[in-house]
Amino acid sequence: MARVEGSYHRRIMSADEIAAKEAAAGEERPMKPCTTTKRKSEEAVSAGDECPPEPHITKKSKVQAATVAKCEEAPAKKMTRLPQKEVAWILAQEAFEPDHRVRPEVRALRRLSRDLWPPPEEMSRSYIAARVFIQIEEDFSEHQAWVRSQYRKHGYVEVDDDFLADRANARAICDKARDEAFKDVDFSGVEDLKEIFMDLWS
């Protein structure tokens, strides 16, 4: 019974009393690491403890700080305003060709959801071409929507150097393919057709 009573008294004793008794008995208690929460730190300050409160850092604040640091380190990209003529041309185009003006393979793929398309390795060349055609249409539709939103918001459209580099590369590929396709065509006497087919970017 004495042991039980001793245990009971030990539980109701204050922390200071326990520390004093153990110190008198020659017991050494290892110091606990300072792992205070916000509430505990306030209690520690009111109790006169010297353990400083830990800063309250959330995952969101870490992400925000990293984003700000990244933006401060990254140099601002050079922006170039698109000519009004080019903006007007982009907005005037039909994003999607009507079915009566496209090949049967394009119409067939349009009727299917993407998850039902056969893999490219199982497609014939004509269906691969149709697949590329549809992807180009969708990419242009997204670009056209972006240009329209920027023009409505600012009255002009600005693009960065990455866009200009990608466009120059795409035009070079088109020029090479066009030159190869028309290398044996004689445009003598049909200068209008030559202008249509051979001068796409002016």
* Main-chain N/O of Val102 paired with Arg107 side-chain donor or acceptor, under 3.5 Å -> yes
* Asked: Linking Ile, Leu, Val, Met, Phe, Trp and Tyr through side-chain heavy atoms less than 4.5 Å apart, which residues share a cluster with Ile173?
  -> none
* Which value, rounded to the nearest 0.5 Å, describes the distance between Phe133 atom CZ and Glu105 atom CD? -> 11.5 Å
* Structure fact -> Residues at least two apart in sequence or cross-chain that pass side-chain contact (heavy atoms from CB on, under 4.5 Å) with Arg101, listed by chain then number, are Glu94, Glu97, Pro98
* Asked: Can you name the nearest heavy-atom pair linking Gln144 to Ala95, along with the distance?
  -> OE1-CB, 3.7 Å
* Is Phe163 isolated, or which residues cluster with it under the ILVMFWY side-chain rule of less than 4.5 Å, directly or via members? -> Leu82, Val87, Trp89, Ile90, Leu91, Phe140, Trp146, Val147, Tyr151, Val157, Val159, Leu164
* To do: Tell me, please, which residues at least two apart from Asp162 pass side-chain contact (heavy atoms from CB on, under 4.5 Å).
  => Lys77, Asp160
* Asked: Within a radius of less than 6.0 Å around CZ of Arg110, do more than 12 heavy atoms belonging to other residues, nucleotides or ligands occur?
  -> yes
* **Charged N-O contact under 4.0 Å between Lys176 and Asp179** => no
* Counterpart residues, side-chain contact (heavy atoms from CB on, under 4.5 Å), relative to Ala145 (two or more places apart) -> none
* Does Arg81 come within less than 4.0 Å of Glu86, counting only side-chain N to carboxylate O? -> no
* Asked: Does a sphere of radius 6.0 Å around CZ in Arg114 hold more than 12 heavy atoms from other residues, nucleotides or ligands, not counting ones at 6.0 Å or beyond?
  -> yes
* Which pair of heavy atoms, one from Pro118 and one from Arg131, lies closest together, and at what distance? -> O-NH1, 3.5 Å
* Asked: Which pairs pass ring-ring contact (aromatic ring centres under 6.0 Å, His included) with one or both residues in residues 95-123, sequence neighbours excluded?
  -> none
* Asked: Between OG of Ser141 and CD1 of Ile136, what distance do you get to the nearest 0.5 Å?
  -> 13.5 Å
* Rounded to the nearest 0.5 Å, how far does CD of Glu180 lie from CG of Asp175? -> 13.0 Å
